[in-house]
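Before any comments, here is the structure.
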Amino acid sequence: MRKLLIVAVLLLVLLGVFSRRHHAPLQPEPGVLAAEVPVQVDLDQGAQLQRGNTTLTTRAHFDITARVLSRKEYSSGADAELIPLDLALGWGRMSDSAVLAKIDISQSGRFYYWHVKAFPIPRREIETSSANMHMIPADADVKRQLDQVRPGQLVHIEGFLVDASRAGGWHWNTSLTRDDTGAGACELIYVERVDAAAP
């Protein structure tokens with residue numbers, strides 16, 4: 001019995017090491033990796049998609065190429081089943097390693113946080129050239145691709161901005177602009193395609 005316990009502990013340690021290496025941040029050379037702003041095409045008549053007991057209403061087609069600033073996985077709760085991953089994404093100068101070296105970035109509780117000692121670029125540019133985005137994988141293959149995304153990597157994501165709702169009044173609406181900040185400023189993306197640049 002003791003041998004089995006030791007083996008189980010060792011396997012858990014090895015799994016943890018593999019997971020950390022698998023998602024270890026990349027360190028690209030200085031320079032803007034994603035020059036273009038996200039492309040959004042608002043929809044007059046959104047379609048409704050059903051994911052378990054959650055209804056997703058498409059609000060806009062969304063296409064973004066950005067650098068992954070940080071990633072945060074969620075594994076417990078009803079929201080985690082719908083949205084297992086948040087990506088903090090940056091474009092423009094918020095995809096430049098020289099700029100990001102002067103910005104501390106973290107994620108917690110479905111929010112993305114940044115802190116600077118001195119601004120390497122204007123505050124408003126940080127706010128409008130980066131965002132925390134909630135990933136809703138369209139299928140198991142997309143989920144596997146999202147699971148492999150690493151901080152520092154350049155990704156191209158296509159899908160739809162969606163509002164989520166459930167019977168009883170629960171709802172979670174997407175942001176429809178990159179100009180907002182704080183609560184309600186995150187995008188909910190129904191992800192249909194993910195392409196990640198090779199490390």
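Being a predicted model, the structure only gives us computed values, none of them experimental.
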Legend entry - Lys/Arg N to Asp/Glu carboxylate O, R144 vs D141, below 4.0 Å: yes

Test of understanding: clusters of I, L, V, M, F, W, Y form through side-chain heavy atoms closer than 4.5 Å, transitively. Do [X] and [Y] belong to the same one?
X: F62; Y: L188; result: no
X: V68; Y: I83; result: no
X: M135; Y: Y74; result: no
X: L176; Y: V39; result: no
X: L161; Y: W172; result: no

Legend entry - Non-hydrogen side-chain atoms of S165 and Q48 separated by less than 4.5 Å: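 Sidechains of Q48 and S165: no contact.
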
Inset, instruction - Please tell me if the side chains of D163 and H171 come closer than 4.5 Å, counting only heavy atoms from C-beta onward. - result: no

If only atom types and distance count, is the side chain of [X] paired as donor or acceptor with the main-chain N or O of [Y] below 3.5 Å?
X: S130; Y: E127; result: no
X: Q50; Y: G52; result: yes
X: R71; Y: L146; result: yes
X: N132; Y: R110; result: yes
X: T65; Y: A34; result: no
X: Q153; Y: A197; result: yes

Inter-residue atom distance [X].[atom1] - [Y].[atom2], 0.5 Å rounding:
X: I189; Y: F160; atom1: CD1; atom2: CZ; result: 12.0 Å
X: Q148; Y: K143; atom1: CD; atom2: NZ; result: 11.0 Å
X: R67; Y: S129; atom1: CZ; atom2: OG; result: 14.0 Å

Legend entry - Residue pairs passing the salt bridge (charged side-chain N to carboxylate O under 4.0 Å, His left out) test where at least one lies in residues 46-56, sequence neighbours excluded: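 Listed by first then second residue: nothing to list.
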
Inset, instruction - Identify, with sequence neighbours excluded, every residue that meets salt bridge (charged side-chain N to carboxylate O under 4.0 Å, His left out) alongside D79. - result: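 Counting only residues at least two positions away or on another chain, D79 forms a salt bridge (charged side-chain N to carboxylate O under 4.0 Å, His left out) with R166.
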
Legend entry - Hydrophobic cluster partners of V99 (side-chain heavy atoms under 4.5 Å):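 Taking Ile, Leu, Val, Met, Phe, Trp and Tyr as members, V99 shares its hydrophobic cluster with L69, M94, L100, I103, I105, Y112, W114, V116, F119, I121, I126.
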
Inset, instruction - Tell me yes or no: between the side chains of Q107 and S70, is some donor less than 3.5 Å from an acceptor? - result: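 Result is yes, a qualifying pair exists.
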
